[in-house]
Amino acid sequence: QVQLVESGGGLVQAGDSLRLSCAASGRTFSSAAMGWFRQAPGKEREFVAAISWSGGRTYYSDSVKGRFTISRDNAKNTVYLQMNSLKPEDTAVYYCAATIAYGSISRTGDDYRYWGQGTQVTVSS
């Protein structure tokens with residue numbers, strides 16, 4: 001029942017920052033764990049960050065830890081990915097994803113039921 005729409009991607013230079021937003025609709029949003037994944041050309045989709053339904057627990061991939069921050073505002077049905085100190089290797093299509101209701105926070109894409117359409121992030125140098 002959850003629908004996700006990402007926004008905030010764009011073309012930036014190395015060292016710049018972007019904030020991605022994922023607007024969710026559906027009655028189960030507040031009880032779903034949320035994640036961000038990305039897929040670069042020629043590569044498999046990879047985990048970026050995840051957050052529990054309450055926002056009390058977060059996971060990050062080693063490649064983004066310390067640079068990216070995931071957060072959520074359940075009152076606004078929105079999850080965010082703040083991306084700082086961007087690098088060319090961060091270039092990818094970024095996808096927002098949601099688990100089923102009461103789903104657990106996860107680093108695995110197969111644990112997410114709903115996916116957004118993706119937003120392109122391109123970092124030049």
Give the C-alpha distance, both sets of side-chain angles, the deciding distance and a yes or no for side-chain contact (heavy atoms from CB on, under 4.5 Å) between Y94 and E6.
CA-CA 8 Å; Y94 283 71; E6 303 98 329; over 6 Å; no
Determine whether F68 and L86 satisfy the following criterion, side-chain contact (heavy atoms from CB on, under 4.5 Å), listing intermediate values before the conclusion.
CA-CA 9 Å; F68 291 10; L86 283 162; 3.9 Å; yes
Report the C-alpha separation of Y80 and D73 in whole Å, then their side-chain angles, then the decisive distance to 0.1 Å, and conclude whether the side-chain contact (heavy atoms from CB on, under 4.5 Å) test is met.
CA-CA 8 Å; Y80 305 96; D73 186 339; 4.3 Å; yes
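Residue pairs meeting the disulfide bond (SG atoms under 2.5 Å apart) criterion with at least one partner in residues 9-103, sequence neighbours excluded, are C22-C96. The salt bridge (charged side-chain N to carboxylate O under 4.0 Å, His left out) analysis of residues 107-118, with sequence neighbours excluded, yields no pairs. Applying the disulfide bond (SG atoms under 2.5 Å apart) definition to pairs two or more places apart or across chains, none involves residues 27-71. Residue pairs meeting the side-chain hydrogen bond (donor to acceptor under 3.5 Å, both in side chains) criterion with at least one partner in residues 15-24, sequence neighbours excluded, are S17-N84. The disulfide bond (SG atoms under 2.5 Å apart) pairs that include a residue from residues 50-89 number zero, where partners must be two or more places apart or lie in different chains.
Not counting sequence neighbours, S71 has no partner by the side-chain hydrogen bond (donor to acceptor under 3.5 Å, both in side chains) test. Annotation: side-chain hydrogen bond (donor to acceptor under 3.5 Å, both in side chains) contacts of E89 (sequence neighbours excluded): none. With sequence neighbours excluded, no residue forms a ring pair (Phe, Tyr, Trp, His ring centres under 6.0 Å) with W53. Here F37 pairs with F47, Y112, W115 under the ring pair (Phe, Tyr, Trp, His ring centres under 6.0 Å) rule; sequence neighbours left out. N74 pairs by the side-chain hydrogen bond (donor to acceptor under 3.5 Å, both in side chains) definition with R72, not counting sequence neighbours. Residues satisfying the side-chain hydrogen bond (donor to acceptor under 3.5 Å, both in side chains) criterion with E44, sequence neighbours excluded, are absent altogether. Listed by chain and residue number, E46, D90 satisfy the salt bridge (Lys or Arg N to Asp or Glu O under 4.0 Å) test with R38 (two or more places apart in sequence, or in another chain).
Note that OH of Y59 is 12.0 Å distant from CD1 of I51, once rounded to the nearest 0.5 Å. Here L81 contributes atom CG and T119 contributes atom OG1; the two are 11.0 Å apart, rounded to the nearest 0.5 Å. Atoms CD and CG, from Q117 and L4 in turn, are 9.0 Å apart once rounded to the nearest 0.5 Å. Taking CD1 of I70 as the start and CD of Q82 as the end, the distance is 12.0 Å to the nearest 0.5 Å.
Nearest heavy-atom pair across A50 and S106 is CB-O, 3.5 Å. Of all heavy-atom pairs spanning W36 and L20, the tightest one is CH2-CB, 3.7 Å. Smallest separation of non-hydrogen atoms from A33 and G103: CB-O, 3.7 Å.
Note on Y95 and I105: same hydrophobic cluster, where clusters join Ile, Leu, Val, Met, Phe, Trp and Tyr whose side-chain heavy atoms are under 4.5 Å apart, directly or indirectly. Taking hydrophobic clusters as Ile, Leu, Val, Met, Phe, Trp and Tyr residues chained together by side-chain heavy-atom distances below 4.5 Å, V48 shares a cluster with V12. Note on V121: it clusters hydrophobically with Y60, by side-chain heavy-atom contacts below 4.5 Å among ILVMFWY residues.
A donor-acceptor pair under 3.5 Å links the side-chain atoms of T91 to the main chain of V123, judged by distance alone. For S85 (side chain) and R67 (main-chain N/O), no donor-acceptor pair under 3.5 Å exists by modelled atom type.
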